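Have a look at the structure below before the remarks.
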There are 2 protein chains.
Amino acid sequence: MNPRSAPERLLSVLAAFDHEHTALTLTDISRRAGLTLTTAHRLVGALTLWGALERDPSGTYHVGLRLWEIAALSPRGLALRQIALPYLEDLYEATHENVQLAVRDGCDVVYTEWLSGHSSVGVHIRVGARWPLHATGVGLVLLAHAAPAFQDTYCTGPLTSFTPHTLTDPSSLRRLLADIRHTGIAVSDRQITDDALSVAAPVRGPGGEVVAAVSVVVPQQGAQVGVLTPAVRVAARGISRALGWRPAGRGEA
Amino acid sequence: MNPRSAPERLLSVLAAFDHEHTALTLTDISRRAGLTLTTAHRLVGALTLWGALERDPSGTYHVGLRLWEIAALSPRGLALRQIALPYLEDLYEATHENVQLAVRDGCDVVYTEWLSGHSSVGVHIRVGARWPLHATGVGLVLLAHAAPAFQDTYCTGPLTSFTPHTLTDPSSLRRLLADIRHTGIAVSDRQITDDALSVAAPVRGPGGEVVAAVSVVVPQQGAQVGVLTPAVRVAARGISRALGWRPAGRGEA
């Protein structure tokens with residue numbers, strides 16, 4: 001029934017879990033992973049014994065604490081977020097708006113931190129959520145600083161539209177990316193929902209390479225981009241410094 | 001060479017990574033996981049293809065973003081922490097001290113969140129760190145509310161001593177646990193280092209069961225336990241309410 005390798009089968013059990021499926025029965029897992037019940041039973045048993053899965057008294061399984069402990073070692077996940085958190089908190093204190101940290105994974109932006117503000121915009125993003133690069137402020141920053149060949153491929157590929165404001169024209173997108181590299185700030189205006197605007201800036205690693213992006217999402221109506229921009233920029237530079245980046249030309253620490 | 005099952009071998013590759021070993025070469029992994037280089041190569045390849053590991057340009061491997069995304073679904077890891085974070089931030093704002101969230105895993109307490117305060121105590125705990133239950137405030141809270149049979153076994157087992165103040169006498173520990181259940185607060189005084197004190201309170205789930213603990217760690221000298229106690233208690237109750245817990249006997253929401 002199953003031409004996949006042993007590692008692929010085991011990983012397919014983990015991949016059966018997602019945001020809409022955080023608790024699964026053995027039957028759910030077997031169906032979602034495309035495994036026989038016997039194989040699923042054996043693999044779930046091994047994963048539970050190790051701690052990657054946990055079984056609750058009702059017999060359903062969820063992702064276990066041990067997997068979380070290992071994942072906490074991911075440099076781009078919790079490790080980056082741990083360094084960034086004080087600066088994200090400062091940005092939240094200064095704006096009281098939704099604050100995000102995100103990294104690029106292929107053609108997606110993945111949110112690795114999300115502090116919720118008091119103003120409610122129609123964007124409900126959770127930690128671990130993915131969006132296409134061109135539709136979000138953080139994604140535009142990360143795309144603008146990706147390798148030129150990658151940018152070319154991305155810009156010519158199909159660009160999903162979420163609202164009438166989503167940028168789907170390749171040449172407009174290319175001009176915007178050049179502008180983002182020049183100004184150091186990306187503004188995404190109602191690209192995912194009709195009511196939200198985000199302001200994003202790049203986070204740099206020790207060598208100056210862009211490793212992440214930080215942003216604030218606010219209601220589009222009444223958004224004060226000129227006020228948010230310096231705050232986002234300062235937070236992004238603070239995280240970059242904490243990662244070992246030093247700005248060129250000023251000689252300061 | 002290897003009597004372990006296929007799932008065990010794959011998981012041993014993940015287990016090769018820990019806080020002191022976040023970046024490993026293929027040779028490191030093969031040695032730490034007890035696998036031949038050929039087997040390690042095959043398993044690391046499968047894990048990298050899937051995204052559980054990532055390879056950097058220098059050829060070393062680290063834990064990948066995809067594992068972090070799956071681990072973010074762990075109810076006791078990121079999911080709990082996401083619900084708790086606003087209350088932990090409030091506690092930090094109110095005290096400007098180190099604030100922690102922790103859960104129990106067997107005989108250990110595992111820290112799932114840690115906000116750093118400005119005061120420096122000699123305790124440097126990272127997210128994902130483990131300590132024995134009896135030596136920390138959060139651990140004492142979690143032990144005090146564990147099943148009675150588990151408490152008995154724990155109290156009679158060897159109790160590791162970290163300082164002259166660490167509680168290692170079974171009957172003193174039992175009395176302290178009863179006291180913690182009665183007052184709803186645990187104070188751990190210089191049990192891990194000579195200069196730190198922590199104040200901890202239980203976090204309850206919808207059914208009233210203790211699912212986590214929240215604490216503040218401060219320098220022992222000058223610690224104002226009476227001032228910290230209500231703040232920690234309010235934060236713990238706030239997280240409990242957010243998890244669906246309702247206090248008995250008052251009828252309020």
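When reading the values below, keep in mind they use all heavy atoms of this one structure, side chains included, and skip hydrogens, waters and symmetry mates. Here the structure is a predicted model, which means the values were calculated and not measured.
With rounding to the nearest 0.5 angstrom, the CG atom of D18(A) is 10.5 Å from the CD atom of E69(B). Put simply, CG on D108(A) and CG on L65(B) are 10.0 Å apart, with the number rounded to the nearest 0.5 Å. Interatomic distance, CZ of R66(B) versus CG of L11(A), reported as 8.0 Å (0.5 Å rounding). Taken to the nearest 0.5 Å, the CG atom of D105(A) stands 11.0 Å off from the CH2 atom of W68(B). Here CD of E8(A) is found 11.0 Å from CG of L10(B). Values are rounded to the nearest 0.5 Å. To the nearest 0.5 Å, the span separating CZ on R76(B) from NE2 on H62(A) amounts to 7.0 Å.
For R81(B) and E113(A), the salt-bridge test passes: some basic side-chain N is under 4.0 Å from an acidic carboxylate O.
Residue F17(A) comes nearest to I70(B) through the heavy atom pair O-CD1, 4.0 Å, listed as atom of the first residue, atom of the second, then distance.
In this structure, chain B has a heavy atom under 4.5 Å from the side chain of L85(A), while its backbone stays farther away. Of the two parts of V13(B), neither the backbone nor the side chain holds a non-hydrogen atom closer than 4.5 Å to a non-hydrogen atom of chain A. In this structure, chain A has a heavy atom under 4.5 Å from the side chain of L43(B), while its backbone stays farther away. In this structure, no portion of A23(B) lies under 4.5 Å from any heavy atom of chain A. The contact between L67(B) and chain A is made by backbone and side chain atoms together, counting heavy-atom distances below 4.5 Å.
For the set A15(B), G51(B), A46(B), A52(B), the entry with the most heavy-atom pairs within less than 4.5 Å of chain A is A15(B). Most heavy-atom pairs under 4.5 Å with chain A: of the set A72(B), P86(B), A71(B), this distinction falls to A71(B).
Residues R42(A) and P7(B) have side chains in contact (heavy-atom distance under 4.5 Å, counting atoms from C-beta outward).
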